[in-house]
Amino acid sequence: MFIDRVLSGMRPTGRMHIGHYHGAIRNWVRLQEEYECLFFAADWHALTTHYEEPENVAASVWEMMIDWLAAGLDPTRSTLFIQSRVMEHAELTLLLGMMTPIGWLERVPTYKDQQQRLADRDLSTYGFLGYPVMQGADILIYRANMVPVGGDQVSHVELVREMARRFNHIYGREPGFEDKAKAAIKKLGSRKARRYGELRTAFQEKGDAAALEAAQELLNETQNLALGDRERLFGYLEGSRRMILPEPEALLTEIPMVPGLDGQKMSKSYGNAILMREDPAEVTRKIRTMQTDPARVRRTDPGNPELCPVWPLHKIYSSQQTQDWVVEGCTTAGIGCLECKQPLIDAIIREQQPLHERAQKYLDDPALVRNIVADGCERARELAEETMRDVRAAMGLAYD
Ligand code: TRP
Ligand code: SF4
């Protein structure tokens, strides 16, 4: 926890649908108002499962980037980049791999899960087993402390915390740590030094978590500290090691489950998705032909919204008043399904209007997107390089 920094990534799957939008991207757009943010296309991650189909990776990345920009990710606020264009990710993946026990990786819940779910692929590969290490590198290389993810990724972030802890434990050791930490405290100036000492004692003796946070905050606000001292002061709060790689936290996005047109999870590969920038006529067609409660065979048959895939969409898109109207009308057969769907269609089209507008200039001039991402990669590289200098030194690899 050096400064508040948000990082998240997404596998490139081409054009994004409203499940991506409501599940993640809309939240990213909000986060960039408040924090320094980095968002990247996890193209190497895509290859951990789809190494036999590399044809679409690059095209999918560009499509995804356009949708991110269309959603309102602002390149002046957020750094947008491509994982494989920042080679340092590979270096840190390799180095973290040295100290990551295989057992940790085999125990990741998605490991066996995915192998079973994607049974048509051979996932008994080194790359697939190791992808949480790569995810660790993605996060730790930016010393990001906040990682917005969906529920399926929380266990990965937990694992990344363990990697950071283990890394700091092994490589944060240094002769004379305590003395060096005390010297660093003096450099805070007498007022801050006293405060730091009090907060540290409160945490160490009474386990006061708020005191720990306040002390971290105090360090975050202190600008003129050398990196080594910063690492010592963060580390000294909790133990006797430098904190070279801070532990990240998952920011769990409260995702409204976005069902597809058939009530299954929305996914392009199931052919049940509404794109983020869907043609309005297509939105209308897709929603109008969407399945409803099978009990409503005739217009006069009452239905139950809980059994209808249209209902969760109303919960995302419609006001309370409209939702009440749906429940009342559906359960009493007071409204027909097409009638029920109309406000939803209107709301989706309304929501997508500004996305279409923002996307237009990028569609007209693809070089714009290329430049934004090139700048993002450059900026990411600078940040990554800073961490890597430290990591190399800590691991005995400093040659100058
Ligand atoms: N594993 C994530 C997914 O499949 C994508 C991802 C890769 C990621 N690296 C990350 C997410 C780092 C957050 C932080 O969706
Ligand atoms: Fe679904 Fe609306 Fe039809 Fe009820 S009225 S079954 S909620 S579409």
Side-chain angles (χ1 to χ4, degrees), residues 5-13 19-20 23-25 27-28 37-50 64 81-84 86 89 92-93 108 110-111 113-114 128 130-142 144-161 248-253 255 259 261 263 287-315 318 322-345:
R5 187 177 281 159
V6 172
L7 171 120
S8 197
M10 210 184 266
R11 292 167 181 243
T13 51
H20 296 117
I25 303 168
N27 189 40
W28 294 1
C37 289
L38 296 121
F39 301 113
F40 71 99
D43 55 350
W44 280 336
H45 279 263
L47 290 176
T48 62
T49 48
H50 291 62
M64 182 167 82
F81 68 98
I82 301 170
Q83 183 186 31
S84 71
V86 183
H89 285 240
L92 187 54
T93 303
V108 170
T110 47
Y111 178 61
D113 253 35
Q114 289 257 60
F128 182 68
Y131 83 86
V133 182
M134 186 151 75
Q135 186 157 357
D138 298 338
I139 297 169
L140 298 174
I141 206 162
Y142 301 106
N145 59 335
M146 291 182 273
V147 184
V149 286
D152 61 323
Q153 298 288 316
V154 172
S155 64
H156 298 168
V157 179
E158 272 310 309
L159 183 61
V160 175
R161 291 170 64 87
E249 254 170 78
L251 286 186
L252 186 60
T253 321
I255 313 177
L261 299 170
I287 300 288
R288 285 176 74 98
T289 55
M290 195 173 164
Q291 293 173 19
T292 61
D293 177 359
R296 295 207 73 182
V297 182
R298 281 176 302 264
R299 164 71 177 76
T300 48
D301 297 329
N304 177 358
E306 297 299 336
L307 302 176
C308 173
V310 177
W311 176 236
L313 292 177
H314 268 300
K315 284 204 268 195
S318 299
T322 304
Q323 291 183 31
D324 294 345
W325 170 81
V326 170
V327 173
E328 166 71 19
C330 179
T331 52
T332 61
I335 58 172
C337 288
L338 285 180
E339 212 176 325
C340 172
K341 288 169 171 178
Q342 194 55 46
L344 181 59
I345 293 169

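Read the numbers this way: they start at 1 and go in the same order the structure lists the ligands and their atoms. Keep in mind that the numbers below use all heavy atoms, side chains included, and drop hydrogens, waters and symmetry copies.
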Steps toward side-chain contact (heavy atoms from CB on, under 4.5 Å) verdict (Arg296, Leu307): CA-CA 11 Å; Arg296 295 207 73 182; Leu307 302 176; over 6 Å; no
Step-by-step side-chain contact (heavy atoms from CB on, under 4.5 Å) determination, Val147 to His156: CA-CA 11 Å; Val147 184; His156 298 168; over 6 Å; no
side-chain contact (heavy atoms from CB on, under 4.5 Å) evaluation trace for Phe39 with Val6: CA-CA 8 Å; Phe39 301 113; Val6 172; 4.3 Å; yes
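Atom CZ of Arg288 sits in a sparse spot, with 12 or fewer heavy atoms from other residues, nucleotides or ligands closer than 6.0 Å.
Listed by chain and number, Leu7, Ser8, Gly9, Arg11, Phe40, Ala42, His45, Gln135, Asp138, Ile139, Val147, Val149, Gln153 each place a non-hydrogen atom less than 4.0 angstrom from ligand 1.
Considering SG of Cys330 and CD of Glu306, their distance stands at 10.0 Å, rounded to 0.5 Å. Taken from CG in Leu92 to CG in Asp138, the straight-line distance is 9.0 Å, to the nearest 0.5 Å. From Leu261, atom CG reaches atom CD of Gln291 across 8.5 Å, with rounding to the nearest 0.5 Å.
The aromatic rings of Trp44 and His89 lie perpendicular to each other, with more than 60° between the two planes, well past the 30° mark.
A distance below 6.0 Å separates the ring centres of Tyr142 and Phe81.
Around atom 3 (Fe) of ligand 2, the protein atoms of type N, O or S found under 2.8 Å away are Cys337 SG, listed by chain and number.
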